[in-house]
Amino acid sequence: MENSLEVREDVEAGSESGCKYILLIGGVLSGLGKGTIASSIGRLFRSHNFSVTAIKIDPYLNIDAGTMSPFEHGEVFVLNDGTEVDLDLGNYERFLDVQLNRDNNITTGKIYDIVIKKERKGLYLGKTVQVVPHICNEIQDWILRVSRQRLPEMEADPEICLIELGGTVGDIESMPFIEAMRQFQFRVGRSNLCVIHVSLVPVIGTAGEQKTKPTQQSVQQLRALGLSPDIILCRSTKPMNAEARLKISNFCHVSYESVLGLHDVSNLYRIPQLLYDQRIFTLLHRYLNIPMRKAVDFDQWIELADTVDRLSGRSDLVVRVAMVGKYTELEDAYISVCRALKHACYWLKLRVEVDYVEASELESAESASYERYWGLVRGADAIIVPGGFGDRGIEGKVLAARYARESNKPYLGICLGMQVSVIEYARSVLGWEDANSEEFAQNIEHPVIVFMPEISKVQMGGTMRLGKRRTYFRNKRSLIYSLYRRCFGGELDWVDERHRHRYEVNLKFTEALSRGGMDFVGQDETGERQEMVEIPGHKFYVGVQYHPEFLSRPNRPSPLFYGLMMAASNRLGEVWGEAKE
Ligand code: GLN
């Protein structure tokens, strides 16, 4: 019985490793902000000098989020190792200020993939392979493995492992995970696992009555599956009253003090404080039997929340950004770009307002929203063309890039946005009217953007040029270099940023483009793949093949977003002054 031997070993290892597990499971409905709540709890521990790690479980069959449309799931976030994940992992990275890897995200697809591969190798020794125990064991093994991996930013092995189960109790998809966690409480010992149920308390009627029935029912569902919540966090539009708390406590088998209200707050950086003020930290310490530690940087976090509030009322500090993209109906599609803009603005004490511009609507005066969208582009203080795939709206993006270049308006092109700026330059400045990307046009004379030789044309998942890669500066008198130097401090030869693309600037045309005035500021280690472009003499016209938004942090904005916001508020002179010193 290979399995039971493994289990016995892990019971000891689990309780001895010293790691404590906090499991968050949602109820009633999705979209309650479980990810932000889990990250906020992680922030509390991190701010009190605990070593933290996090696992997001996505109970879908996809191996990863790489093949999913942003229309369905919002942005695809990319980790250092190139794993394409749900945007929640971005929240974890920003809140915890860590860099995660593929193991920090579990999907049903990944678990089944392991089990099926093992079965094909005959590793189950003739047994019938089943959800219980094989799938459930694999889930638990994965969690145990991650909880022993120290993240690079931490000084010790994980002391706290946050586990967020995506979806809602009762979903068919999440059943194996709930069963795995039911078993896991015995595997690591009940005192090493705290179960937090995140639910909703709707407020209805003119009297604003807080209704607890949905929470009672979702807790019942959870308990029927063998997991009993230790803490219940109730999302609500307004602070929870004592009556509702008492009711939930009585009906859901938790103490009164373990029912906490999470009402709407002015900004998301308030959530750690809101949790702290309701003594969740004390509760968790007690449940998990861990000694208290002094706060190290929690004040800075509160200060950040205060800054955001202060700025929100200041219409005189507004910087308007036109985001010219394709998924403009869905704000989540560009969430990291928006966060990166905000981070830069907190730093510069500005307030950013993003106007989403549907690129395809800019293409023809016949379009219903042509005037309105061009009005937003013209009225903007800065223009961003973010990453994207497929040809819809591409000509509109080219027009927006042209407008930015010709009118000296700050422009940041990210990935596809950089490719668009090269296409635009080739057409308008070099006069190559047919210039385009091979992604959108074939058999043309000037394919200025081409398919990368190493990329597969058949396999779609995980086959792009992905993850953290190095870019070497060729031109250290460039604006891009000055910005990185200012933000990172000191001389730099290279920077690491995260990538996600299949196409690149065509080496055949870079010389002509350079002669025409486009400055290719940085390349990959071969010196041939273009990563950074700018146009000298323009106020701020920058394109990068990578996604600078993924490594931006509230306390450490990305240099390029910082530069864009400085240019938009006419403060870039400071950076140039510094570069000349
Ligand atoms: N579609 C382009 C490529 O594959 C750009 C990708 C992106 O913007 N992430 O290269």
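One-based numbering, in listed order, for ligands and for the atoms of each.
In summary, of the residues considered (E549, E93, E75), a side chain to side chain donor-acceptor pair (under 3.5 Å) with S336 occurs for E75 alone. For the side chain to side chain donor-acceptor pair (under 3.5 Å) with Q523, the qualifying choice from R470, Q530, E531 is Q530, the only one to do so.
Aromatic ring pairs are classed by plane angle as parallel below 30°, tilted from 30° to 60° and perpendicular above 60°; the pair Y411 and Y541 is parallel.
Classification of E358 and R392 as a salt-bridged pair holds, one side-chain N sitting under 4.0 Å from a carboxylate O. At a threshold of 4.0 Å, the pair D97-R43 does not count as salt-bridged, since none of the basic side-chain nitrogens sits closer than that to a carboxylate oxygen.
Taking any N or O of R502, backbone or side chain, at least one lies under 3.5 Å from an N or O belonging to ligand 1. Remark: ligand 1 and H501 share no N or O pair separated by less than 3.5 Å (distance only, no angle test). Considering both main-chain and side-chain atoms, G388 comes within under 3.5 Å of ligand 1 through a nitrogen or oxygen pair. Ligand 1 has no nitrogen or oxygen under 3.5 angstrom from a nitrogen or oxygen of C415.
Under a 4.0 Å heavy-atom criterion, Q419 is in contact with ligand 1.
The shortest heavy-atom contact between K56 and Y92 is CB-CE1, 4.3 Å.
For E504, no heavy-atom contact with ligand 1 is shorter than 4.0 Å. Counting heavy atoms closer than 4.0 Å to ligand 1, residue H547 contributes side-chain atoms (C-beta onward) but none from N, CA, C or O.
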